[in-house]
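Here is the structure we will look at.
Atoms considered below: every heavy atom in the structure, side chains included; atoms not considered: hydrogens, waters and symmetry mates.
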Amino acid sequence: MAATPAPHPQAPPKPTWDPRDPVRPLLRPTIRIRLTLLYGGMFLIAGILLLSIIYLFTAQTLTNSASQLPFKIVAGQVQPTTSWCVLPDKGTGEQFDAAVSVCLRHQSELALEDLLRRSLFALLGLSIIAFAFGYAMAGRVLSPLGRITRTARQVAGSDLARRIELDGPDDELKELADTFDEMLERLERAFTAQQRFVANASHELRTPLAINRTLLEVHLSDPGAPVELQQLGKTLLATNERSEQLVEGLLLLARSDNQIVERKPVDLAEVAERAVDQVHAEAAAKGVEIRGERSPAVVQGNGVLLERIALNLLQNAVRYNVPEGGWVEVSTEAGHGQAVLVVTNTGPVVPAYEIDNLFEPFRRLRQERTGSDKGVGLGLSIARSVARAHGGRIGAEPREGGGLVMRVTLPI
């Protein structure tokens, strides 16, 4: 029977208003209203602070100007107190008034320059504070979007049980998060139902296929059976074996689509060695040499599924090889936080535009559906599914001179 999926956290509470209802609360705390109040209040506070600072600077400048006149009266005579204030020793009253006006005008210009300089420094300081405060507030307002993005990335890694469960007011971001959670719930139900159907169907098909194989083997073991009947039995037995392989492949494909929950240390070099041992007899029968250096590369995952990746790649490399002088190179290595399994083989020339079709179920090179006795057409599909379940990826590229270079990359 198919494994029961682990229960996921309870769905978050729905908003108090219906998102599809055109009539919404007038005082609903939307993001637009909150941002308007936030940045409007910040602008108002910054303006009040700037006006207060300018007022204080102006009052201080006027006080200094009034207390520090550019001239003074000594013994009934007006004497300048600065080098730039020049007063005539003799002259008419109009000339004296004009000179005093020039001194006072120059003092006012100096006061305005000092006020402008202080105001610019105040504006610079307020700008730095405003940008820092605005950056912090923007990060606080947009933090739910970051949470939604992180959940979407985790879901992209085949973890459909993840939920956002965003708390806070019923604004647009919570509406988006709740809608996303509802979509994830429906997707999880659909994928779970699909995997359960494939697993149950595969299990149900195993029994009649096993019975057919037993009956055929019993009839073939009868030495008195006619030659024609024995030939027909061998053909039916081969067909039944192919069907069993197809059922096993479908069951493994349904299983590998799930995220790996229980992970253990697995050495890709050991996995590759086991796969080489399993295909060694077939490779020797076809005259294909298996070589390569396998360095230790330990990852966290399921050893059986990882061994299936290496086995499928090796079987394809051996079966789709050149008739004479063929070879398969299997290597493993670890570095930069990744473990890599590379399977390179000689074989027919593969066009680059055909690479993606190789990973589709029941598809082969230059064939829409399986029509060969070399397999059931699920090997690379299973390998890609298992790699994704381990958080890795698998890629292929044509080899110069014919054949393929298959590269499996898994996180350490």
Side-chain angles (χ1 to χ4, degrees), residues 24-150 164 166-177:
R24 299 180 179 179
L26 296 178
L27 298 180
R28 178 191 169 207
T30 62
I31 296 295
R32 175 178 293 181
I33 294 177
R34 290 167 59 190
L35 290 178
T36 301
L37 294 176
L38 175 63
Y39 290 106
M42 290 176 56
F43 181 78
L44 180 61
I45 294 174
I48 293 174
L49 289 176
L50 186 60
L51 287 178
S52 300
I53 292 174
I54 292 177
Y55 176 81
L56 293 176
F57 285 165
T58 303
Q60 184 180 7
T61 302
L62 291 177
T63 301
N64 293 336
S65 299
S67 60
Q68 297 179 0
L69 293 175
F71 54 84
K72 62 181 179 178
I73 300 176
V74 179
Q77 294 182 353
V78 180
Q79 298 179 357
T81 59
T82 60
S83 59
W84 46 264
C85 182
V86 180
L87 297 177
D89 295 334
K90 298 179 180 180
T92 62
E94 295 180 355
Q95 294 177 345
F96 185 79
D97 291 341
V100 171
S101 298
V102 170
C103 291
L104 293 177
R105 190 180 304 111
H106 186 71
Q107 186 182 25
S108 299
E109 293 176 355
L110 294 178
L112 289 176
E113 290 178 359
D114 182 65
L115 176 63
L116 179 61
R117 183 174 61 255
R118 292 187 179 186
S119 299
L120 290 176
F121 282 116
L123 179 61
L124 179 60
L126 285 177
S127 299
I128 296 175
I129 296 175
F131 277 113
F133 186 73
Y135 182 81
M137 294 305 299
R140 182 178 179 85
V141 172
L142 297 178
S143 60
L145 287 179
R147 185 173 175 180
I148 295 173
T149 302
R150 289 191 296 270
I164 300 174
L166 186 64
D167 300 326
D170 290 337
D171 53 15
E172 292 91 341
L173 291 180
K174 192 171 190 306
E175 177 186 357
L176 175 62

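- Taken from CG in L123 to CD1 in I53, the straight-line distance is 9.5 Å, to the nearest 0.5 Å.
- Rounding to the nearest 0.5 angstrom, the gap separating the OG atom in S119 from the CG atom in L124 is 12.5 Å.
- For the atom pair I45 CD1 and F133 CZ, the distance stands at 7.0 Å (nearest 0.5 Å).
- When all heavy atoms of A46 and L126 are compared, the closest pair comes out as O-CD1, 4.3 Å.
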